[in-house]
Amino acid sequence: MTDHQPPHEETLVVAARIPAADGVVSLILRRPDGDPLPSWTPGAHIDLLLDGGLIRQYSLCGSPAARDVWQIAVLREPRGRGGSAYVHQHLAEGSKVLVRGPRNTFPLRPAARHLFVAGGVGITPILPMVEAAQAAGADWRLLYGGRTRTSMAFLDRLAPFGERVLIRPQDEYGLLDLAAFLGTPEEGTLVHACGPEPLLQAVQERCAAWAPGTLGVERFAPVRSAGPGPAETFDVVLARAGLTLTVPPDRSVLQVVMEAGVPVDFSCQEGTCGTCETDVLDGTPDHRDSLLSEDERAAGDTMLICVSRSCGPRLVLDL
């Protein structure tokens, strides 16, 4: 179930800007007064609220024990939508940036054995997980791929772990050998993956026969389905606001709720970040997000209102 506490939001200062790999810059963020920042757990991300209305999510990749700073790493994406270009061009040491979070939709769940798969800048949420698994004394392995060795960030932080980490740049090894790394299903093993969509799809296919809930993934972008389902008109009842609103085929629940003046938190508007996740009190959601697990979808007691709709004529939401 979601909580309804407003996310923490404040202006931070870029304390340092460090090249992390080819095309990847790492930013160290701190409060202007140096006071401790809100705590976080491995897998958490923050939102950067950039000029021009851009809101982008970046995983925290530092140490949760370092309470005075947050660290992120951003890949410059030439064909992106402007967020990474803004970070690379405008956020220098001393710059101020509005930040919201942290929020964790990709937690490291307790397990006797962990298998981590990272592709490219997907190493960012995985890195604190690896360090936490090591500190907890768990059995773990990491398979980390990238285009070239020089494009892969944080190899220095992974070096002390020795043979637990397989560094596999594509120009040296080809595509990641997921079959060999993941092997056959084992009880007590969890798989955590982050990276480009083709990699995540391959991991999902490889883990399809494993026990439900074994695999956790973090996506940079929504899953591109063959096409959206039918978009019928339906009513949404906002239980706490005492309003009944009509959602037409060409509007999202989020848009209609905001137009009615009801405050709701949102970020990506693509169904990947989880900021707008809302409890469902009655009705059946038509899930169109790229975040919720199959178990969460089947339960039907929560939905991402930026993209998901209703299977029936009426939904009741805890708003």
Item to complete: Evaluate the side-chain proximity of Ser252 to Phe266: yes if any heavy-atom separation is below 4.5 Å, no if none is.
Response: no
Worksheet item: Under a 4.0 Å N-O cut-off, is there an ion pair linking Arg314 with Asp235?
Response: no
Discussion item. side-chain hydrogen bond (donor to acceptor under 3.5 Å, both in side chains) for Gln71 and Ser26? Distances and angles first, verdict last.
Written reply: CA-CA 7 Å; Gln71 182 179 8; Ser26 178; 2.8 Å; yes
Fill in: Salt-bridge present (Arg147, Asp171; N to O < 4.0 Å)
no
Discussion item. side-chain contact (heavy atoms from CB on, under 4.5 Å), that's the test. Do Leu50 and Val97 meet it? Break it down for me.
Written reply: CA-CA 7 Å; Leu50 307 172; Val97 60; 4.0 Å; yes
Worksheet item: What about Phe116 and His114, are their ring centers closer than 6.0 Å?
Response: yes
Fill in: Arg206 CZ: over 12 foreign heavy atoms closer than 6.0 Å
no
Worksheet item: Is a salt bridge present between Arg103 and Glu277, judged by a nitrogen-to-oxygen distance below 4.0 Å?
Response: yes
Fill in: Donor-acceptor under 3.5 Å (His88 side chain, Val74 main chain)
yes
Item to complete: Run through Thr284, Asp279, Leu315, Asp289 and flag the one making a side-chain contact (heavy atoms from CB on, under 4.5 Å) with Met303.
Response: Leu315
Discussion item. Check whether Phe154 forms a cation-pi arrangement with Arg157 (NZ or CZ under 6.0 Å from the six-membered ring centre, at most 45° off the ring normal).
Written reply: yes
Discussion item. Are the side chains of Leu142 and Leu158 in contact, using a 4.5 Å heavy-atom criterion?
Written reply: yes
Fill in: Charged N-O contact under 4.0 Å between Asp286 and Arg309
no
Worksheet item: Does any non-hydrogen side-chain atom of Ile167 lie less than 4.5 Å from one of Arg149?
Response: yes
